[in-house]
Q: 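First the structure, then my questions, so here it is.
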Amino acid sequence: MTDTKDARTDEVLLRAVAQQDIAALAELYRRYAGRSLTLARRHRLPDPVQAVEDAFAILFRSAHAFNRSALPANLWTLCLIQRHCRTLSGDMTDTTPGDRSLAESGTQAPGTAETRSSHN
């Protein structure tokens with residue numbers, strides 16, 4: 001059995017998934033499963049494989065939303081998976097890696113609502 005790779009771009013694949021194309025979903029899974037599993041493991045989820053499978057089920061149901069996004073397809077896909085992992089882990093803080101130390105110390109990051117309102 002030969003391992004033929006789909007030449008379609010991630011953008012085209014997401015649009016195909018939005019049209020219920022299972023082969024397109026399988027190709028996105030092939031491309032992103034490894035990185036997705038890494039994300040799930042970083043969140044220390046009890047069953048990272050199941051979390052990734054669930055994330056791709058969510059992707060299948062919500063791929064139509066990609067058309068309204070300004071994000072590139074790879075970033076949109078990884079953000080969806082990251083958000084799912086964060087939801088499962090209970091980590092709903094809105095921090096970037098650089099802001100993590102601020103969040104842990106209780107300090108607001110520059111540009112947040114509280115910081116902006118204190119300057120008005």
Side-chain angles (χ1 to χ4, degrees):
M1 183 174 197
T2 60
D3 184 24
T4 58
K5 293 185 177 157
D6 194 320
R8 294 180 286 180
T9 66
D10 291 349
E11 288 81 6
V12 170
L13 289 170
L14 278 172
R15 288 188 179 94
V17 171
Q19 299 299 315
Q20 308 298 299
D21 183 338
I22 300 295
L25 180 67
E27 178 60 18
L28 285 172
Y29 185 85
R30 187 191 68 75
R31 292 180 188 184
Y32 289 94
R35 287 178 275 183
S36 301
L37 192 54
T38 298
L39 285 171
R41 286 182 176 143
R42 283 187 182 160
H43 284 280
R44 298 185 176 151
L45 298 175
D47 190 348
V49 172
Q50 185 63 53
V52 170
E53 290 174 4
D54 292 346
F56 276 88
I58 293 167
L59 186 145
F60 185 72
R61 291 189 309 269
S62 60
H64 64 279
F66 172 68
N67 291 328
R68 297 187 306 270
S69 174
L71 294 173
N74 62 338
L75 188 56
W76 188 89
T77 300
L78 291 171
C79 285
L80 181 141
I81 294 162
Q82 171 77 355
R83 185 172 48 245
H84 177 64
C85 291
R86 287 176 68 186
T87 299
L88 290 176
S89 71
D91 178 13
M92 295 308 294
T93 58
D94 190 20
T95 59
T96 59
D99 293 335
R100 188 157 316 278
S101 61
L102 292 173
E104 290 169 0
S105 70
T107 305
Q108 287 291 94
T112 60
E114 283 186 39
T115 304
R116 283 190 299 263
S117 65
S118 66
H119 293 293
N120 291 334

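Quick note: numbers below take in every heavy atom, side chains included, and nothing from hydrogens, waters or symmetry partners.
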Q: Treating Ile, Leu, Val, Met, Phe, Trp and Tyr as nodes and any side-chain heavy-atom pair under 4.5 angstrom as an edge, say whether Phe66 and Leu75 lie in one connected cluster.
A: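 Yes; tracing contacts between hydrophobic side chains, which count when under 4.5 Å, links both residues.
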Q: Taking NZ, NE, NH1 and NH2 as the nitrogens, is one of them in Asp21 or Arg8 under 4.0 Å from a carboxylate oxygen of the other?
A: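 Yes, Asp21 and Arg8 are salt-bridged.
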Q: Side chains of Thr77 and Asp10, heavy atoms from C-beta outward: is any pair under 4.5 Å?
A: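 Thr77 does not reach Asp10 side chain to side chain.
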Q: Leu45 and Phe56: same hydrophobic cluster, using ILVMFWY side-chain contacts below 4.5 Å?
A: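 Not linked; separate clusters.
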Q: For the pair Arg31 and Glu27, find out whether any cationic side-chain nitrogen is under 4.0 Å from an anionic carboxylate oxygen.
A: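 A salt bridge is present here (some side-chain N lies under 4.0 Å from a carboxylate O).
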Q: Hey, does Ile22 have a side-chain heavy atom less than 4.5 Å from the side chain of Val17?
A: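 No; the side chains remain at least 4.5 Å from each other.
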Q: Quick check for you: to the nearest 0.5 Å, what is the distance between Asp54 atom CG and Asp47 atom CG?
A: 8.5 Å
Q: Would you say Val12 ends up clustered with Leu28 if hydrophobic residues are merged whenever their side chains have heavy atoms under 4.5 Å apart, either directly or through other cluster members?
A: no
Q: Testing the basics here: between Ala40 and Cys85, what is the closest heavy-atom pair and its distance to 0.1 Å?
A: CA-SG, 3.7 Å
Q: Leu88 and Val52: same hydrophobic cluster, using ILVMFWY side-chain contacts below 4.5 Å?
A: no
Q: Would you check, one step at a time, whether the test side chain to side chain donor-acceptor pair (under 3.5 Å) holds for Tyr32 with Asn74?
A: CA-CA 9 Å; Tyr32 289 94; Asn74 62 338; 5.0 Å; no
Q: Rounded to the nearest 0.5 Å, what separates atom CD in Gln82 from atom CZ in Arg42?
A: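 Answer for the CD-CZ pair, Gln82 versus Arg42, is 9.0 Å.
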Q: Could you measure the distance from the CG atom of Leu39 to the NE2 atom of His84? Nearest 0.5 Å is fine.
A: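 Going from the CG atom of Leu39 to the NE2 atom of His84 covers 11.5 Å.
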Q: Working to the nearest 0.5 Å, report the span between CG of Leu25 and CG of Leu14.
A: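 One gets 9.5 Å once the value is rounded to the nearest 0.5 Å.
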Q: So how far is it from His64 NE2 to Gln19 CD, rounded to the nearest 0.5 Å?
A: 11.0 Å
Q: Does Ser62 use its side chain to pair, donor to acceptor, with the backbone of Ala65 at less than 3.5 Å?
A: no
Q: To the nearest 0.5 Å, what is the distance between CD1 on Ile58 and CD on Glu53?
A: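 Spacing of CD1 (Ile58) from CD (Glu53) equals 12.5 Å.
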